Amino acid sequence: MTAGNDTIRIDNQEIPFTAGQTIMDAALAAGVYIPHLCHHPGLPPSGNCRLCMVEIGNRSVAACIAAATAGQQIRNDTPELNAARKAITQMLFVEGNHICPSCEKTGNCKLQAMAYHLGMLDDHFPQFYPHRELDASHPDILLDRSRCILCDLCVRASRDVDKKNVFAIAGRGTQAHLIVNTPTGKLVDSPMAKTDLAANICPVGAILIKEKGYEVPIGQRIYDRQTIRDIGLYEQAEEKNKE
Amino acid sequence: MTTEHTTKRKLKLATTSLAGCFGCHMSFLDMDERLAGLLKHIEFDRSPFTDIKHCGPCDIGLIEGGVCNAENVYVLREFRAQCRILVAVGACAINGGVPAMRNYFDLQDCLEEVYLRGTNVTHPHIPDDPELPLLLDKVYPVGEIVPIDYFLSGCPPSAEAFLQLLQPLLVGEKPQIAKSRLHYD
């Protein structure tokens with residue numbers, strides 16, 4: 001059975017879409033979860049974390065930036081794709097310093113929750129243990145680049161929602177890193193406030209609001225109670241309610 | 001030849017803490033009265049619970065902590081050589097954990113900061129007793145030194161997680177850690 005004029009099929013489930021929607025938007029709106037870290041409903045997609053890779057025929061595409069097109073037959077929740085997603089997650093872990101027991105974000109971290117979702121038992125690859133600059137200059141916000149996964153959600157949130165353009169990604173390849181758009185390069189000299197979306201959208205523990213870290217005890221945090229799948233679908237529904 | 005004796009013998013279990021805090025061992029003890037049931041099927045070889053100094057031939061070895069010094073490397077290799085099944089237990093064994101946070105800095109800088117320049121240092125001297133094992137340049141996950149069969153995540157893994165690992169191993173089955181049990185903190 002083939003999909004209709006205004007539907008796509010993901011893992012044999014027929015899903016409606018509207019013109020201009022990405023595969024990710026159509027899937028989440030229909031309650032079909034495609035794993036993602038750098039996608040966030042309401043922000044323009046970036047396509048950089050590659051966790052949302054799905055297969056259409058012989059091609060692999062990132063669902064967050066690929067347009068839904070009538071009749072697409074898409075594979076998403078397959079053992080092969082989830083194994084590849086786990087390998088990507090392991091690479092994200094070893095490239096940074098993700099020492100969960102010492103991180104304020106533990107239990108609220110999407111990278112950690114993704115690793116749980118994909119059944120990641122070890123990091124597999126050798127650790128980089130990079131030394132990256134920490135910026136504690138801002139009175140309310142901590143920037144610890146050790147944990148940054150370069151999803152650029154803060155870049156997009158600051159530019160497109162907060163209209164402050166505080167962040168950017170500089171450098172290429174393994175030299176890529178998050179910079180602050182101020183003459184000193186320090187967060188304290190930026191107009192960033194702790195109520196900004198950019199201060200609250202970090203999926204990992206790279207951008208933290210100070211003096212909040214342990215308000216909720218470990219064991220009672222978001223991903224101690226819910227899966228990243230549940231939260232991913234919830235965020236989409238919440239964004240739709242705003243419209 | 002499989003005899004009744006060999007099929008019913010107790011499995012030998014060895015445990016050690018390398019660059020760890022013994023928290024995983026404490027969590028192992030949190031199995032409480034369930035340990036009594038476990039001890040019908042296993043006996044300890046080298047372990048802080050027995051104080052046996054060297055690991056003999058074992059069925060299961062549990063490694064807590066990462067590898068931070070030359071002695072850790074020696075002990076870990078001995079465990080790998082002697083244990084049929086080697087398990088990395090806890091965050092430090094799996095990815096270096098909190099001790100690996102020194103890896104972002106030069107080892108000499110760390111030693112000088114702690115023993116020479118640090119706050120309230122009264123007799124500046126970097127310890128150099130020949131009995132002290134030499135530190136490695138970095139703290140390594142155990143899996144970067146020897147092959148590991150199973151990984152038990154958590155800081156520490158819960159008593160239930162230990163049971164979920166050990167019970168299948170006791171009957172010769174492959175343990176499956178449920179996603180709902182998976183925790184790195």
Side-chain angles (χ1 to χ4, degrees), chain A residues 82 86 89-90 92-134 144-147 204-205 213-214 216-230, chain B residues 20-21 23-24 27 63 65-67 86-107 109-110 136-145 147-158 161 164-165 174-185:
Chain A
N82 286 329
K86 186 166 86 174
T89 306
Q90 287 169 320
L92 289 173
F93 264 83
V94 301
E95 280 174 13
N97 297 316
H98 299 283
I99 312 290
C100 298
S102 75
C103 179
E104 284 183 26
K105 190 84 171 192
T106 187
N108 292 330
C109 172
K110 287 187 175 169
L111 179 66
Q112 185 189 53
M114 182 59 70
Y116 294 163
H117 177 73
L118 297 167
M120 186 183 111
L121 298 176
D122 73 316
D123 294 335
H124 182 75
F125 301 104
Q127 300 282 338
F128 281 31
Y129 297 126
H131 187 186
R132 297 196 195 137
E133 201 188 338
L134 183 139
D144 185 350
R145 293 178 177 86
S146 266
R147 306 186 188 119
V204 293
Y214 294 97
V216 180
I218 290 171
Q220 296 172 29
R221 298 182 175 188
I222 298 168
Y223 300 107
D224 294 325
R225 293 180 282 111
Q226 285 170 285
T227 67
I228 195 167
R229 178 187 177 279
D230 297 337
Chain B
C21 69
C24 295
S27 191
I63 307 284
V67 182
L86 198 60
V87 186
V89 174
C92 302
I94 292 172
N95 66 15
V98 170
M101 293 175 82
R102 81 155 155 93
N103 291 358
Y104 324 145
F105 307 99
D106 179 70
L107 175 59
D109 281 349
C110 286
L136 304 182
D137 62 335
K138 286 186 187 312
V139 179
Y140 293 88
V142 295
E144 290 191 30
I145 310 292
I148 297 293
D149 300 302
Y150 296 106
F151 297 87
L152 194 63
S153 70
C155 183
S158 63
Q164 212 180 27
L165 170 87
K174 200 176 165 179
Q176 299 286 344
I177 309 295
K179 280 184 193 175
S180 58
R181 285 275 166 82
L182 204 46
H183 270 276
Y184 304 152
D185 55 14

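Small disclaimer: the values here were computed from a predicted structure and weren't measured. Here is the naming used below: chain letters follow the sequence lines, and residue numbers restart at 1 for every chain.
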Should [X] and [Y] count as side-chain neighbours, where that means a heavy-atom distance under 4.5 Å?
X	Y	value
A:Y116	B:H183	yes
A:Q127	B:N103	no
A:I99	B:V98	yes
B:L182	A:H117	no

Checklist line | Rounded distance [0.5 Å steps], CG in B:D185 versus SG in A:C103 | finding: 9.5 Å
Check: Given a strict heavy-atom distance threshold of 4.5 Å, which part of B:Y150 is in contact with chain A: side chain, backbone, both, or neither?
Finding: neither
Check: Where on A:L121 is there a heavy atom nearer than 4.5 Å to chain B: the side chain, the backbone, both, or neither?
Finding: both
Next item on the list: Using non-hydrogen atoms and a 4.5 Å limit, figure out which bit of A:H98 sits close to chain B: side chain, backbone, both or neither.
Entry: backbone
Notebook entry, point to check: Which residue out of A:G219, A:P101, A:S146 racks up the most heavy-atom pairs below 4.5 Å with chain B?
Noted result: A:P101
Check: How far apart are the closest heavy atoms of B:E144 and A:P126, and which atoms are they?
Finding: OE2-CA, 3.4 Å
Next item on the list: Determine the minimum heavy-atom distance between A:P130 and B:Y104, stating which atoms define it.
Entry: O-CD2, 3.7 Å
Note to self: Can you classify the ring geometry of B:Y184 versus A:F93 as parallel (below 30°), tilted (30 to 60°) or perpendicular (above 60°)?
What the structure shows: perpendicular
Check: Which residues in residues 86-94 of chain B have any heavy atom lying under 4.5 Å from a heavy atom of chain A?
Finding: B:A91, B:I94
